[in-house]
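Written below as structure tokens is the structure these notes are about.
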Amino acid sequence: MKNGDHLFLVDGSGFIFRAFHALPPLTRKSDGLPVGAVSGFCNMLWKLLTSARDTSVGDTPTHFAVIFDYSSKTFRKDIYNAYKANRSAPPEELIPQFGLIREATRAFNLPCIETDGFEADDIIATYARQAEANGADVTIISSDKDLMQLVTPMVHMYDSMKDKQIGIPDVIEKWGVPPEKMIDLQAMTGDSIDNVPGIPGIGPKTAAQLLEEFGDLDTLLARAGEIKQQKRRENIVANAELARISRQLVTLRTDVPLELSLDALVLEPQNGPKLIGFLKAMEFTSLTRRVADACNCDAAAIEASEVKVEWGDTAHGPDLDVAENVDLVAGGRVVAEGASVPAPVVKSRMASESAAEPAELAKERAASFATAPIDHSTYVTIRDLAVLDQWIADARETGIVAFDTETTSLDAMQAEIVGFSFAIADNRKDPSGAVIRAAYVPLGHKNGVGDLLGGGLADNQIPLRDALPRLKDLLEDISILKIAQNLKYDYLLMKRYGIELKAFDDTMLLSYVLDGGANGTHGMDSLSERWLGHKPIAYKDVAGSGKSNVTFDLVDIDRATAYAAEDADVTLRLWLVLKPRLAAEKLTSVYERLERPLVPVLAHMEERGITIDRQILSRLSGELAQGAAALEDEIYRLAGERFNIGSPKQLGDILFGKMGLAGGNKTKTGQWSTSAQVLEDLAAAGLELPRKIVDWRQLTKLKSTYTDALPGYVHPETKRVHTSYSLASTTTGRLSSSEPNLQNIPVRTAEGRKIRTAFISTPGHKLISADYSQIELRVLAHVANIPQLEQAFADGVDIHAMTASEMFSVPIEGMPSEVRRRAKAINFGIIYGISAFGLANQLSIERSEAGDYIKRYFERFPGIRDYMESTKAAARDKGYVETIFGRRVHFPEIRSSNPSVRAFNERASINAPIQGSAADVIRRAMIKMEPALVAAGLADRVRMLLQVHDELIFEVEDADVERSTPIIVSVMENAAMPAVNMSVPLKVDARAANNWDEAH
DNA sequence: ACGTACACCTA
DNA sequence: GTAGGTGTACGTC
């Protein structure tokens, strides 16, 4: 190798993971073999070999090698045993692709390099330094920060996904330090993925700042005493040794023994037939064609080579589409049984592509739309009605449009529309590649307050009264698919403007169905970073935050366009990535039957709200304040001083420091625990003060969280309280409720129940509360197939008493309540993935006694143990478990080497199918409820208001209570049918009253 | 102004 | 032992 040569080093392992996660869609060969990462890898290699000059690398390689990790056991493990310890197993679909990518490398006639005991990064470092010493340029194909320490004027990195070269200035921009300081920076920040410890509390920003100040890690550690911030100083002093170990871990070795010399990496000519044979075997039609063109081969004359892969079972869960025939209003659009919304086929006008298979073509086009770089120059502001009409016509032509609204509030019930954006996949403009065009339509922007025209409507905006009818045409047209992120918000907003969104998809719900429980949330920013490798403009960068925060109507229209159009653009790309996975992963029916149809149902419930009686709450608040004040006096007297009772820290110091009480526990941060359990124990030992504290806490909790906070949520116009339900924030499929949370209104104590009396029906109406009885135990009896439980539920006997009778051989008649209480705790424990530790805590008994109970339980109900074991095994093998309706819940950490993390995941995986199936049942009931009420002629007379996991609350005219109750009960009891015919009956209790307390 | 810990409300 | 959300205190920026 000599001066002027150019060595390309591909980080093969890094690329595999990156391609797998970034490259949509989940491409599969016709036999089901997943090959998405292989495809990305081959395309990238081909491009580098043939046209690196046209990319931002700007030069063609003379030498080339692809480097892989050999095994997980490397010298780093000897330095630090936990290194990479919490790395979870690769995704199932990726496993067969590791071997394939090595095959691909050989098919390209390229050296494929790995060395036992070293990571790919060390091999890359060694080659890079050697080549540099020979005067050659080096390009490392990777964007991994671990390699950035290698960057010099001669050594660059290249991010092939983003077509971006990474040189010294890029490293400084990204991390705040030059490449040679990356080692020290990484040593300080650590790395949770590789389990490099670092120094707690030090992130990249702080680390860069410290390096700026002290120069390097050793100086910093030597002079740590000079750091002003106390916590930070302590952390650094205490963890100096960890930082030094971390530095060893992140420092790449440049002395790896190499089998192949630099000169052996010289680029050999392509072996066309060999490569084409491989590509044909992979069914990469378009790349095959390109390679054949380039080497003047006749692809048709070359046979696909034989490629062996390790690949097992591709079976999937139940396909409910076949079983169902009743309940179907999909996305507000009536769809023929079994039908889905159209797959993301984007019409192509490019002649050169017409030869390919339509399905393949659609996939490629979708992939190219989704991965083409985000380009703000494709965004426009629409200020003219004719232009808007043209865009809507284009949307109608394509049939698919991503949509987003900008408003004055995060609360859809209070928000006013300020503008809307949309994005269309368009390939007319640029025949060489995919273009997503996006536009923002400002409607209600105002001039800034500092402006001369302060507060008035800004010029050159389409009037709302002109825009709304156009919007209505678009949003209500069932032949145009609307795509939004968190669509319930837009649905509710538009409904308040008299528009009923029809025919839609929600990217948040797609992600929730596909990746529920897998790492990460389903918010747009996180999805965009995960799937598109793009960080969208942050809302706070547009509207400010905190004190300087403004509502969106005051945002400058150009800034608003960039932000809003990008959101629509990103949403469309996410849909292109996620939607095809639905069918490929057999999750279409979960999405179409359990998720999407719930959007309008929940929007309607939120819009209705519920009335609260402010007088009742205000009176309660006064009583609670008086009670708390009286207790405060007593507490100060008993403690001998005044202190902040609400501060656990101060309280702990008083009880266990000053008063020197025994029986204290420490929390995980080393503070004295003052939990109710601890205080109860002290009270039981005859102490007065702890009892008073417990009582004080109850009163102040009820006051601050409920009686004082709830009136603040009364809507100024409707005078009702409108909660917001989240469809995608639990792992199990339950809903969650917030602002306010109406799923945790007190019920356990008499004091707390008074708050429920403030939830009232409108005059002339009743509230009906209908709740499932023991739904989770019934689900358990069904999924685990337990004959005694099934019989007990069929006979309608007391299930806890039955359990007690089986376990302790006590007759049900005249059973002591303590015996039943223990059996009840065990039944709950089973649902929660029982442990002796937890059961002992719950019942205040010894661990060994709790262990005996569990043992006896499993002897009586061996099927339950079988269920638990097989569920854990399934979670371990597949990475997920399923509800009876096929919803998947992922457990990426279930193979953790940390025993407590693993045990936690095992318990959660046992609970998820039970809790999740129950959640699916009530979802189905909610979806079926509206049509059933319409069919009974009760539409609008019976209004579903709230859901509390196993309970539905309705508001009903007095005269209709008797007629509607059996309908509600019947819909709920039959909700699992016909998709699943459960082996136990579902039972629902319903009651009507003027307030929630009495109805419950 | 924002994030984390603790405590406590629900199913 | 499962799944959530919210209020207060308190630390850091």
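Letters go in sequence order (proteins before strands), and every chain restarts at 1.
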Whole-Å gap separating P (B:dC9) and CH2 (A:W996): 16 Å
Mind checking A:E776 for me? I need base, sugar-phosphate or nothing, with any heavy atom below 4.0 Å counting as a touch. nothing
Return no unless some side-chain N or O of A:Q650 is found under 4.0 Å from OP1 or OP2 of C:dC10. yes
When we call it a touch if two heavy atoms are under 4.0 Å apart, what does A:T700 touch: a base, just sugar-phosphate, or nothing? nothing
Give the nucleotide from the list C:dT2, C:dG4, B:dA7 with an atom nearest to the side chain of A:N911. C:dT2
May I ask you to check whether A:S409 and A:Q414 show a side-chain donor-acceptor distance below 3.5 Å? no
Reckon A:G829 touches a base, only the sugar-phosphate, or nothing at all at heavy-atom distances under 4.0 Å? base
Rounded to whole Å, the CD-P distance (A:Q842 to C:dT2) equals 12 Å
What do you reckon, is CD of A:E529 surrounded by more than 12 foreign heavy atoms closer than 6.0 Å? yes
Closest approach to the side chain of A:R907, judged atom by atom: which nucleotide of B:dA11, B:dC9, C:dG1 is it? C:dG1
Can you tell me if A:T723 and A:S737 form a side-chain donor-acceptor pair at under 3.5 Å? yes
To the nearest Å, how far apart are A:I693 CD1 and B:dC6 P? 18 Å
Rounded off to whole Å, could you give me the NZ-to-C1' distance for the A:K824 and B:dA11 pair? 12 Å
Could you tell me whether A:A825 contacts a base, only the sugar-phosphate backbone, or nothing, with contacts defined as non-hydrogen atoms closer than 4.0 Å? base
Per side-chain contact (heavy atoms from CB on, under 4.5 Å), A:R697 is matched among A:T674, A:I645, A:L631 by A:T674
Can you tell which of B:dA11, B:dC6, B:dA7 lies closest to the side chain of A:T674? B:dA7
Pairs touching residues 843-863 of chain A that satisfy ring pair (Phe, Tyr, Trp, His ring centres under 6.0 Å), sequence neighbours left out: A:F808-A:Y853, A:Y857-A:F861
Ignoring backbone atoms, establish whether A:T731 has a side-chain N or O less than 4.0 Å from OP1 or OP2 of C:dG4. yes
Atom CG of A:D653 and atom C1' of C:dC10: how far apart are they, to the nearest Å? 14 Å
Just call it for A:A709: base, sugar-phosphate, or nothing, with non-hydrogen atoms closer than 4.0 Å on any strand. sugar-phosphate
Could A:R642 and A:E632 be called an ion pair, given the rule that one side-chain N must be under 4.0 Å from one carboxylate O? no
Just call it for A:F837: base, sugar-phosphate, or nothing, with non-hydrogen atoms closer than 4.0 Å on any strand. sugar-phosphate
Quick check on B:dC8: is either OP1 or OP2 less than 4.0 Å from any side-chain nitrogen or oxygen of A:S675? no
How are the rings of A:F552 and A:Y539 set relative to one another: parallel (under 30°), tilted (30 to 60°) or perpendicular (over 60°)? parallel
Please state whether the phosphate of B:dC6, meaning OP1 or OP2, lies under 4.0 angstrom from any side-chain nitrogen or oxygen of A:T667. yes
Any A:S729 side-chain nitrogen or oxygen under 4.0 Å from OP1 or OP2 of C:dG5: yes
With a 4.0 Å cut-off on N to O distance, would you call A:R691 and A:E680 a salt bridge? yes
Looking at A:S647, I'd like to know whether one of its side-chain N or O atoms comes within less than 4.0 Å of OP1 or OP2 on C:dC10. yes
From CD1 of A:I775 over to C1' of C:dT2, roughly how many Å is that when rounded to an integer? 16 Å
Could you state the CG-P distance from A:N644 to B:dA7, rounded to the nearest angstrom? 14 Å
Rounded off to whole Å, could you give me the CZ-to-P distance for the A:R847 and C:dG1 pair? 10 Å
Side chain of A:K649 (C-beta onward), nearest among C:dG11, B:dC6, B:dA7: C:dG11
Does the side chain of A:T707 reach to within under 4.5 Å of the side chain of A:I755, using non-hydrogen atoms? yes
Give one of base, sugar-phosphate or nothing for A:A676, where a contact means two heavy atoms less than 4.0 Å apart. sugar-phosphate
Between residues 734-753 of chain A and DNA chain B, which residues have a heavy-atom gap below 4.0 Å? A:R734, A:Q743, A:N744, A:I745, A:P746, A:V747, A:R748
So, does the side chain of A:K701 form a donor-acceptor pair with the base of B:dC8 at under 3.5 Å? yes
Counting the atoms with a prime plus P, OP1 and OP2 as sugar-phosphate, which does A:I834 contact under 4.0 Å by heavy atoms, base, sugar-phosphate, or nothing? base
Where the side chain of A:Q915 is defined as all heavy atoms beyond and including C-beta, which of C:dG7, C:dG1, C:dT2 is the nearest nucleotide? C:dT2
